[in-house]
Structure formats: C-alpha cells, structure tokens
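Below: one structure, written as structure tokens.
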Amino acid sequence: MTAGVVASLTDFRRALVAWYRRHARPLPWRATRDPYQIWISEIMLQQTTVTAVVPYFQRFLARFPTLQDLAAAQEQSVLRLWEGLGYYSRARNIHKAARLLVNEHRGEFPREPGELMALPGIGRYTAGAIASFAFDWPAPIVEANTLRLYARLMGLRDDPRSARGQKQLWEFAEQIVPARHAGEFNQALMELGARVCVPSAPDCSKCPVRRWCVAATNGWQAEIPLPKPRAAPTEITEVAVAVHRDGKYLLRKRPEGVRWAGLWDFVRFGWRDAETRSPALHDVAVEVRRETGLTVEITAPLAEIRHSVTRFRITLQCHLGEWLAGEHDHAQGESRWVASTQFARLPLSVTGRKLARMIAARESKSTSASKRPG
DNA sequence: AACACGTGGCG
DNA sequence: TCGCCAAGTGT
C-alpha cells in the first residue's frame, strides 16, 4: 500500500520539506527546541485548535517558564491557566509529570518515545512529537492532520480509527520518517495536512506530493478518510444556584473522577424533569438542601445558560438563593464562601465563569444604583 | 473496543 | 441552529 511513496521516498521527502520551508506558519512552539515548551504545546494542542492554543501557550510559558517552575506550582494555579481550554485532565497530568521529572529524573526530559510514553498524558503521538521536534529522534507520528494525509496518500479504505486502520497508518508513518531531521519532516507532514490536505475540498492543485497520492489520482479525496461516527447529542437540564450569605457565594470544588474535576462551581445538580423549563422555586430549594444541607430561599432567576459538552447539550437554569440556615457539610469535598470580587482567583468551569460574571455585574449595578439616589 | 473527556469556530 | 472538526489519552 505504501509502495507508491516508498519507491521514491527521497523525492517525496524533498518535495514535502521544500514546500514546508516556504509555507510554514511561524507558530510560537516552532521557534524553540526546548522539550519543555514543546511538551506544553503538544499537550495543549491535543484535540484543540492552534488558534485556541496560542494565547494559552503564551500565558502558560510566561507564568511557568521552566519545568522547575511548573513542578513547584500548586495544581490549582495550573488549572487556572487552563481554564476554558477544556480536557482538564491534561492540566492535572502535566503537573504530575512535571513533579515526576523533577523528583525522579533530575528535571531532564527523556529523549526516547518509549520513555516519554511512561509520563501521564503522553501517548504514542505526543511521545513521537516531542522526541522528533526536540531531539530529531526518528519517531513516526499519527494525529488528525497526518491521519488524513496518510489515508489519502495510501488510498486507505479501512476506517482509520479501527485497529486495522491504525496499524496501517502507523506502519506508513514509520516507513516515511527519515533517520535525520525527523522533526522538520514531521512538522511538514502536519502543516501539509492542516493547510492543504484539509478535511473538505482539499486543494490538491497546491499539493507538493500530489503525484504520490492514491486518493488524488483516483478522485477519492471526498471519500477518504471515512468520517468519524458521532453520537447524537442528548438534551439535559441542570440547575445552578448561587447561594448567597453575607456578601459571599458558596463555591464547591468538583471532586476527582467527575467532569471538570478540580474546577470550582456554584451549587449545581441535574434536573430530572427536563420538561420543566422553570422548575418550581420550592423544589429547587429542596434540592439545594439535599445537596448541601443548607436551607435557602430561591430569590431570583438569573439566567438560562446553554452549553454543549461532549455528547450532552445542557440547559442550565441559574438562580440566586439566599442563605437562611444550616452549615455546609464538608463531607462531600472542599467548599468556600467567596466574594464576587474574588471569583477570578479560582479556576471555574466555563458555565461557572459565565454565571460569576453575571453576578458581579448584577452587584456592581445595584451598588451604583444605591450610590445614586433618585 | 468503546466511551469519557471540553470548548469554540466554521460552513 | 446544527453538525463537523480540532497536534489524543486513559480506562
């Protein structure tokens, strides 16, 4: 299957790299060979667009310039810098791995993919990426861009996500990666996948390796690769209550093993009766007591926030609740009463952050109104 | 092997 | 509005 490319591998590599040298975007992580910076960028880029990553990458490196800085940080500080980027286990893993490297590897990065893969959050792709970009280790890579590119070059008919397809893709990658300058070569593959060999309507007229491409030769660009099957989203309703007491609001840290683990949120729970667009306030108060042990009065509807997450579409009914009695039960995990001016100090879920902004705006409005009588 | 894990941009 | 897509990994 790879014969088309392998037969004239040297020409293929030359054409690809020549194209890359003319068309490479100047991405921040391409300006360095520091394995630490490359590692951070690769973790951030997992299932995440370049556009989204750039500002996070800059902030992260400004705050934690070295592996030692990261290892010395609190996990909460790392999560705060990750806030909004998604897949938060990446942030927790990056922190764990940093401590591991500092404590057990003298703060030095392994150069081999096999050793890199032993670190939490680093799988076969990321290990190959770091090893090749930072050390020119001749490691193969397969990720979204190269998967599409290889599949088309090979004319891959199998599902590229199946075990069979994956095996063929990795074998292909192994065969084409050069012994020298693997870093630039791998970057070139990804850049071509990202810029030319795009998912829909690839511009084959601009492709430097078109003559090696089975899909282009046969007009199969639209059929290869086979699309990823996606489950239809499920609608769910949730309720969030900003429980208010003495100018502060109750925030709870989400426990390990759940979505948004380690991030903070207002009191929040699923609402079984999805038909109820505006749940009875009394019922909400009952649920808050069940959740927290606190007796509250639901005083005002705040907003309805729509948010998609994995395969769920969430409608979040947000309310303001005034504390009446009871103390929060800490058995379920960490919680704090926080003034709205301090919300930004904690890593919040995206919906939590939105709600936090609304509450802060609501307060500043009411204080400015009270300062301006009439 | 299949599913969980997040979010935002784009057509 | 909606589905697709994004430098995947862990379980």
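Labels below follow one simple rule: chain letters A, B, ... track the order of the sequence lines, proteins then strands, and each chain is numbered from 1. Since the structure is predicted, the reported quantities are computational estimates derived from the model, not experimental observations.
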Practice task
Using the C1' atoms only, state how far B:dG6 lies from C:dC4, rounded to an integer number of Å.
Solution key: 15 Å

Practice task
Could you measure between the two P atoms, the one in B:dG8 and the one in C:dT1, and give it in whole Å?
Solution key: 16 Å

Practice task
Tell me yes or no: between the side chains of A:Glu143 and A:Thr146, is some donor less than 3.5 Å from an acceptor?
Solution key: yes

Could you list the donor-acceptor pairs under 3.5 angstrom formed by side chains in residues 129-136 of chain A, with sequence neighbours left out?
| unit_1 | atom_1 | unit_2 | atom_2 | d |
| --- | --- | --- | --- | --- |
| A:Ser132 | OG | A:Gly128 | O | 2.8 |
| A:Ser132 | OG | A:Ala129 | O | 3.2 |
| A:Ser132 | OG | A:Asn186 | ND2 | 3.1 |
| A:Asp136 | OD1 | A:Ala182 | N | 3.4 |
| A:Asp136 | OD1 | A:Gly183 | N | 2.9 |
| A:Asp136 | OD2 | A:Arg33 | NH1 | 3.4 |
| A:Asp136 | OD2 | A:Arg33 | NH2 | 3.2 |

Problem - A:Trp39 side, atom CH2; A:Ile122 side, atom CD1 - distance, nearest 0.5 Å - result: 6.5 Å

Problem - For A:Arg290, side chain to side chain contact (heavy atoms under 4.5 Å, CB included) partners two or more places apart - result: A:Val286, A:Glu287

Is any side-chain N of the basic residue among [X] and [Y] closer than 4.0 Å to the acidic one's carboxylate O?
X	Y	result
A:Glu42	A:Arg90	no
A:Asp246	A:Lys248	no
A:Lys96	A:Glu75	no

Practice task
List the protein contact pattern of nucleotides 1-11 of chain C with one symbol per nucleotide (5' to 3'): B for base contact, S for sugar-phosphate-only contact, - for none; contact means a heavy-atom distance under 4.0 Å.
Solution key: --SSBBBBSS-

Exercise for the section: Name all residues meeting the ring pair (Phe, Tyr, Trp, His ring centres under 6.0 Å) criterion together with A:Tyr20; count only those two or more places apart in sequence or in a different chain, and write none if there are none. Expected result: none

Practice task
Would you classify A:Gly193 as touching base, sugar-phosphate or nothing, given that sugar-phosphate means primed atoms plus P, OP1 and OP2, and contacts are heavy atoms under 4.0 Å?
Solution key: nothing

Fill in the blank from the handout: Expected list for residues 345-358 of chain A near DNA chain C, using heavy atoms below 4.0 Å, is none

Problem - First-last contacting nucleotides on DNA chain B - partner chain A, under 4.0 angstrom, heavy atom - result: B:dA1 to B:dT7

Exercise for the section: Taking the six-membered ring for Trp and the single ring otherwise, decide whether the centroids of A:Trp337 and A:Tyr249 are under 6.0 Å apart. Expected result: no

Problem - Short side-chain to backbone donor-acceptor contact, A:Arg99 and A:Ala73, under 3.5 Å - result: yes

